[in-house]
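Only a predicted model underlies this, so the values are computations on that prediction, with no experimental measurement involved.
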Amino acid sequence: IGHMALIEFAGYLANEDGSKGDPFRGGYSEGTLIGIGLSQFLPGFEESLIGKKLDDKYELTLTAPSNYPDDLKDKKLVFQIH
């Protein structure tokens with residue numbers, strides 16, 4: 001804990017084939033300061049930042065936990081992270 005990253009991300013519902021589908025409400029943010037290891041985001045999101053370099057762009061697929069809002073819970077989500 002103690003490492004911070006400034007990121008931009010866009011979240012999408014995953015299509016059946018795993019590709020990105022429609023964006024979901026609240027799934028976009030620019031200039032977000034995230035603390036690695038603080039568990040502020042979906043499990044696996046913060047950990048995916050470890051080892052990335054400035055200007056890296058990548059895609060990450062995670063499953064929303066069952067305590068997420070009804071329209072997202074237990075669904076696969078695709079994030080484009082920069």
Side-chain angles (χ1 to χ4, degrees):
I1 298 179
H3 294 277
M4 305 294 283
L6 185 63
I7 64 168
E8 175 180 322
F9 65 89
Y12 304 85
L13 294 169
N15 291 319
E16 286 188 27
D17 66 358
S19 63
K20 75 175 185 172
D22 294 329
F24 61 86
R25 183 179 41 125
Y28 177 79
S29 184
E30 224 176 89
T32 299
L33 189 60
I34 181 172
I36 309 302
L38 297 180
S39 302
Q40 298 172 304
F41 287 78
L42 286 168
F45 190 97
E46 294 169 16
E47 294 83 356
S48 78
L49 300 171
I50 296 170
K52 300 294 187 272
K53 295 180 175 41
L54 187 64
D55 291 329
D56 277 354
K57 295 178 183 179
Y58 65 101
E59 201 166 89
L60 173 67
T61 301
L62 297 170
T63 301
S66 57
N67 65 346
Y68 252 52
D70 285 340
D71 59 335
L72 297 178
K73 74 178 179 179
D74 299 320
K75 293 193 177 167
K76 288 206 180 285
L77 307 174
V78 178
F79 292 92
Q80 290 184 321
I81 303 170
H82 177 215

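- Taken to the nearest 0.5 Å, the OG atom of Ser39 stands 7.0 Å off from the CD atom of Glu47.
- Across every non-hydrogen atom of Leu49 and Ala5, the tightest pair is CD1-CB, 4.3 Å.
- Interatomic distance, His82 NE2 to Leu6 CG, rounded to the nearest 0.5 Å: 10.0 Å.
- Judged purely by atom type and a 3.5 angstrom limit, Glu46 uses its side chain to pair as donor or acceptor with the backbone of Gln40.
- With respect to Phe9, the ring-ring contact (aromatic ring centres under 6.0 Å, His included) criterion is satisfied by exactly one of Phe24, Tyr58, Phe45: Phe45.
- Minimum heavy-atom separation, Lys53 to Asp56: N-OD2, 2.7 Å.
- Of all the heavy atoms in Ala14 and Val78, the pair that sits closest is CB-CG2, 3.7 Å.
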Give the intermediate values and the outcome of side chain to side chain contact (heavy atoms under 4.5 Å, CB included) for residues Leu77 and Thr61.
CA-CA 6 Å; Leu77 307 174; Thr61 301; over 6 Å; no
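- In terms of modelled atom types and a separation under 3.5 Å, the side chain of Asn15 and the main chain of Asp17 share no donor-acceptor contact.
- The two residues Ala64 and Leu42 come nearest to each other via the heavy atoms CA-CD2, 3.8 Å.
- How far CG of Asn67 is from CG of Leu72: 11.5 Å, rounded to the nearest 0.5 Å.
- Once rounded to the nearest 0.5 Å, the distance linking NZ of Lys73 with OG1 of Thr63 reads 14.5 Å.
- In this structure, CD in Gln80 is found 4.5 Å from OH in Tyr12, a value given to the nearest 0.5 Å.
- Leu33 and Phe79 fall into different hydrophobic clusters, where Ile, Leu, Val, Met, Phe, Trp and Tyr are joined by side-chain heavy atoms under 4.5 Å apart, directly or via other members.
- Contact annotation: the side chain of Lys52 never approaches that of Ile81 to less than 4.5 Å [non-hydrogen atoms, C-beta and beyond].
- Nearest heavy atoms, Ala10 versus Tyr28: CB-CD1, 3.9 Å.
- Separation of atoms CE (Met4) and OG1 (Thr32) is listed at 11.0 Å; rounding is to 0.5 Å.
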